[in-house]
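One structure below.
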Number of protein chains: 2
Amino acid sequence: MAGTEIKLTEQRRVILEELRKVRTHPSADAVYDLVRKRLPRISLGTVYRNLEAMSERGMIRKLGGCQCQMRFDADVTNHYHVRCLKCGRVDDVAVETCEVLERALRERSDYAILGHHVEFIGFCPSCRCAGEDERSDQPEGAGER
Amino acid sequence: MAGTEIKLTEQRRVILEELRKVRTHPSADAVYDLVRKRLPRISLGTVYRNLEAMSERGMIRKLGGCQCQMRFDADVTNHYHVRCLKCGRVDDVAVETCEVLERALRERSDYAILGHHVEFIGFCPSCRCAGEDERSDQPEGAGER
DNA sequence: ACAACTAATAGGAATGATTACTATTCGCGG
DNA sequence: CCGCGAATAGTAATCATTCCTATTAGTTGT
Ligand SMILES: [Mn+2]
Ligand SMILES: [Mn+2]
Ligand SMILES: [Zn+2]
Ligand SMILES: [Zn+2]
């Protein structure tokens, strides 16, 4: 239910406030630690559930768009990928890699940059068609894992 | 031990051959299923161990460079991130997002493209210094999870 | 062929992030 | 206060991945 309105409960409000305070891109359990200082009785499940609910609604971002399961590729040349949000299919894409991005960053960052990766997200040809049919009745949870 | 030479055992050879046959970017357990047709006694642990060993040596690629643990961000504006391979720290980067990539892909792909994400990888200022010190004695497993 | 030694494997247990489940609680209109 | 749907706390289950250990395969020297 990606577009549904959400009630701003105490727990959700505090999670959001704490996440807005930090610049560290915390993990779910790090958010849990922050929130627990103000709501000692909150449960980890509530943190996970609400982080998920809020990212579905675009109130926050979830990083590392890839699913948990790793994928492997015998092609070690530099190329980018596109992943289907619904079925998880991964394909190569036909855009050339963009080293200009890396050069630009090397000048502005204190990190020692080793590389970068780009992943497009969308719906593959078959899921795309399936989605257009059922768009009317089911808003589709976008397969977000 | 990223740069060490590797012996091409029967199991490794078959894993590599099967991975080279497909274009599907299979997961570890999908590789296991493929390999098991030829080596019915191979264990899942061996598949995981050797996929990891071969990707460390650049013989294959591991996709979804992000760790398993999700990170969250209250900043929902479009921006890219850089992740430290050693300590997992994630920072925002100061390069503007590259919509030209997405436009280019939309013309060439059958996917319905919804977006893309870019993640740079490298060493953060503190891990970078620490790494330079110990570079002599320990080759450093690059923190590859 | 045999012993000694090392690297790799099979199989199963352990781990850790995430999700599912369920009884209880909360908030709210009537 | 009552009834009811949404949300929560606490815990169990899931599932990809890693760890562990006894066994095996390969290698070198005799
Ligand atoms: Mn590929
Ligand atoms: Mn950010
Ligand atoms: Zn699909
Ligand atoms: Zn670091």
Side-chain angles (χ1 to χ4, degrees), chain A residues 1-16 18 25-33 35-57 59-60 62-72 83 88 90 141-145, chain B residues 1 3-16 18 25-57 59-60 62-72 83 88 90 141-145:
Chain A
M1 301 61 184
T4 322
E5 264 319 305
I6 200 177
K7 209 178 299 182
L8 204 61
T9 63
E10 177 80 351
Q11 287 89 339
R12 279 176 194 146
R13 193 174 51 74
V14 174
I15 289 170
L16 201 50
E18 291 301 315
H25 305 89
S27 59
D29 64 300
V31 172
Y32 178 54
D33 288 340
V35 169
R36 219 165 10 158
K37 291 175 188 162
R38 293 172 56 186
L39 302 176
R41 313 242 337 143
I42 198 170
S43 80
L44 182 58
T46 298
V47 172
Y48 270 105
R49 180 163 22 80
N50 288 325
L51 285 173
E52 183 65 29
M54 290 191 287
S55 68
E56 273 176 2
R57 287 162 181 80
M59 302 166 66
I60 63 173
K62 187 155 104 176
L63 304 189
C66 68
Q67 274 103 322
C68 218
Q69 203 171 186
M70 290 292 163
R71 302 296 201 98
F72 297 88
R83 185 186 299 259
V90 175
E144 264 293 343
R145 208 190 162 338
Chain B
M1 302 54 189
T4 322
E5 265 318 307
I6 201 177
K7 210 178 300 180
L8 203 61
T9 63
E10 178 79 353
Q11 288 89 340
R12 278 176 195 146
R13 193 173 52 72
V14 174
I15 289 171
L16 201 50
E18 291 301 315
H25 306 88
S27 60
D29 64 298
V31 172
Y32 178 53
D33 288 340
L34 292 172
V35 169
R36 220 167 7 160
K37 290 175 188 161
R38 294 172 55 187
L39 302 177
R41 313 242 336 145
I42 199 171
S43 80
L44 182 57
T46 297
V47 172
Y48 270 104
R49 180 165 21 80
N50 288 326
L51 285 173
E52 184 64 28
M54 291 192 286
S55 68
E56 273 175 2
R57 288 163 181 80
M59 301 166 65
I60 64 174
K62 187 155 102 176
L63 304 189
C66 69
Q67 275 103 320
C68 217
Q69 203 171 185
M70 290 291 163
R71 302 297 202 98
F72 297 89
R83 184 186 301 258
V90 175
E144 262 294 343
R145 206 184 158 347

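Computed over heavy atoms, backbone and side chain alike; hydrogens, waters and symmetry mates excluded. Quick caveat: nothing in here was measured; it's all calculated off a predicted structure. Letters A, B, ... are given to chains in the order of the sequence lines, protein chains preceding strands, and every chain is numbered from 1.
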Closest nucleotide among [options] to the [X] side chain:
X	options	value
Tyr48(B)	dT19(C), dT9(C), dT18(D)	dT18(D)
Lys7(A)	dA7(D), dA9(D), dA7(C)	dA7(D)
Gln69(A)	dT9(C), dA9(D), dA16(D)	dA16(D)
Met70(B)	dA8(C), dT18(C), dA9(D)	dT18(C)
Arg41(B)	dG11(C), dA8(C), dT9(C)	dG11(C)

Comparing Ala28(B) and Thr9(A) on DNA chain D - which has the more 5′ nearest nucleotide: Thr9(A)
Taking OP1 and OP2 of dT9(C), is either one under 4.0 Å from a side-chain nitrogen or oxygen of Arg49(B)?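 True: Arg49(B) side-chain N/O within range (under 4.0 Å) of dT9(C) OP1/OP2.
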If you compare every side-chain N and O of Gln11(A) against the phosphate oxygens of dA9(D) (OP1, OP2), does one of them come in below 4.0 Å?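 Checking dA9(D) against Gln11(A), a side-chain N or O does come within under 4.0 Å of OP1 or OP2.
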Taking side chain as C-beta onward, heavy atoms only, is Tyr32(A) less than 4.5 Å from Ile42(A)?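 Of all side-chain heavy-atom pairs linking Ile42(A) with Tyr32(A), at least one is under 4.5 Å.
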Picking from Asn50(B), Val14(B), Val47(B), what satisfies side-chain contact (heavy atoms from CB on, under 4.5 Å) with Val31(B)?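 That would be Val47(B).
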Nearest-Å distance, [atom1] ([X]) to [atom2] ([N])?
X	N	atom1	atom2	answer
Arg36(A)	dT8(D)	CZ	P	17 Å
Glu52(A)	dA17(C)	CD	P	17 Å
Ile42(A)	dG10(D)	CD1	P	10 Å
Asn50(A)	dA7(D)	CG	P	9 Å
Leu44(A)	dA20(C)	CG	P	14 Å
Leu63(A)	dT18(C)	CG	C1'	17 Å
Leu8(B)	dG26(D)	CG	C1'	14 Å
Leu51(B)	dT9(C)	CG	C1'	15 Å

Would you call [X]-[Y] a salt bridge at under 4.0 Å N-O?
X	Y	result
Glu10(A)	Arg13(A)	yes
Glu18(B)	Arg38(B)	yes
Lys62(B)	Glu56(B)	no

How do Arg12(B) and Pro40(B) order along DNA chain C: which one's closest nucleotide is nearer the 5' end? Arg12(B)
Residue whose closest nucleotide on DNA chain C lies nearer the 5' end, Gly45(A) versus Thr46(B): Thr46(B)
Across the strands shown, which category fits Asp29(B) at heavy-atom distances under 4.0 angstrom: base, sugar-phosphate, nothing? nothing
